[in-house]
Amino acid sequence: GHTSARLTLWSKVSSFEGSDIARVRISTNGGATYTTVSTLSATQSDDTYHFYDLDLAACDGASACEIYFDAGMSATNDLWYVDDVEVSAF
């Protein structure tokens, strides 16, 4: 397996309030369990793109690593944008 796995991306959330949440999660066992590597909430809801460089160390040495973009939002105008996604490992 690979080591030093990283996920980089640009992302923004818009109109989040209350318990709205967006998460980047990884799994090395087909989704039986997850590790959350980033969480966005109403605090980050500024409708501005930000760069994220996420450590995927939980994937190091694994034969497979799945990345999940998961969100729980309370209204149809709550939005999560993700752009320029790149995964790297050595």
Side-chain angles (χ1 to χ4, degrees):
H2 297 290
T3 60
S4 303
R6 314 263 337 147
L7 170 67
T8 59
L9 58 96
W10 287 88
S11 181
K12 71 176 178 176
V13 291
S14 177
S15 191
F16 273 30
E17 65 279 324
S19 62
D20 293 340
I21 192 169
R23 295 179 296 222
V24 179
R25 305 166 83 192
I26 56 176
S27 178
T28 57
N29 57 15
T33 59
Y34 299 94
T35 300
T36 300
V37 295
S38 180
T39 302
L40 303 174
S41 64
T43 305
Q44 291 83 25
S45 186
D46 61 2
D47 201 28
T48 302
Y49 275 99
H50 299 277
F51 181 74
Y52 295 90
D53 183 356
L54 307 175
D55 184 1
L56 303 183
C59 294
D60 287 355
S63 60
C65 183
E66 299 173 356
I67 301 169
Y68 296 87
F69 294 89
D70 180 29
M73 302 174 212
S74 61
T76 57
N77 67 331
D78 296 333
L79 304 170
W80 180 22
Y81 299 87
V82 179
D83 198 6
D84 294 332
V85 177
E86 183 176 323
V87 177
S88 61
F90 301 98

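We count residues from 1, following the sequence as given.
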Seminar exercise, completed: Minimal heavy-atom distance between S15 and S45, with the atoms involved, is N-OG, 3.1 Å
Problem set entry | Inter- and intrachain pairs under side chain to side chain donor-acceptor pair (under 3.5 Å), touching residues 79-90, at least two apart | S11-W80
Exercise. Distance from L7 atom CG to I26 atom CD1, nearest 0.5 Å?
Worked result: 9.0 Å
For this session: State, to 0.1 Å, how close A62 and T28 come at their nearest heavy-atom pair, and which atoms those are.
Result: CB-CG2, 3.7 Å
Seminar exercise, completed: Those residues at least two apart in sequence (or on a different chain) that pass side-chain hydrogen bond (donor to acceptor under 3.5 Å, both in side chains) with D60 are none
For this session: Quick one: which residue pairs count as a ring-ring contact (aromatic ring centres under 6.0 Å, His included) with a foot in residues 38-58, not counting sequence neighbours?
Result: W10-F51
Problem set entry | Pairs flagged by salt bridge (Lys or Arg N to Asp or Glu O under 4.0 Å) wherever residues 41-51 is involved - sequence neighbours left out | K12-D47
Exercise. Which pairs, with at least one residue in residues 16-90 and sequence neighbours excluded, count as a disulfide bond (SG atoms under 2.5 Å apart)?
Worked result: C59-C65
Exercise. Quick one: side-chain hydrogen bond (donor to acceptor under 3.5 Å, both in side chains) partners of H2, sequence neighbours excluded?
Worked result: none
Compile the donor-acceptor pairs under 3.5 Å between side chains in residues 16-24 and protein atoms, sequence neighbours left out, one pair per line.
unit_1: E17; atom_1: OE2; unit_2: S74; atom_2: OG; d: 3.0
unit_1: D20; atom_1: OD1; unit_2: S74; atom_2: N; d: 2.9
unit_1: D20; atom_1: OD1; unit_2: S74; atom_2: OG; d: 3.0
unit_1: D20; atom_1: OD2; unit_2: E17; atom_2: N; d: 3.0
unit_1: R23; atom_1: NH2; unit_2: D70; atom_2: OD2; d: 2.6

For this session: Just jot down the side-chain hydrogen bond (donor to acceptor under 3.5 Å, both in side chains) partners of S4, sequence neighbours excluded, or say none.
Result: none
Exercise. Linking Ile, Leu, Val, Met, Phe, Trp and Tyr through side-chain heavy atoms less than 4.5 Å apart, which residues share a cluster with F90?
Worked result: none
Exercise. Is there a path of hydrophobic side-chain contacts, each under 4.5 Å between heavy atoms of I, L, V, M, F, W or Y residues, that connects L9 with L79?
Worked result: no
Exercise. Under the ring-ring contact (aromatic ring centres under 6.0 Å, His included) test, which residues partner Y68, sequence neighbours left out?
Worked result: Y34
Problem set entry | Partner residues of S38 under the side-chain hydrogen bond (donor to acceptor under 3.5 Å, both in side chains) criterion, sequence neighbours left out | none
Exercise. Under the side-chain contact (heavy atoms from CB on, under 4.5 Å) test, which residues partner S63, sequence neighbours left out?
Worked result: none
For this session: Could you walk me through whether D55 and R6 pass the side-chain contact (heavy atoms from CB on, under 4.5 Å) test, one step at a time?
Result: CA-CA 5 Å; D55 184 1; R6 314 263 337 147; 3.3 Å; yes
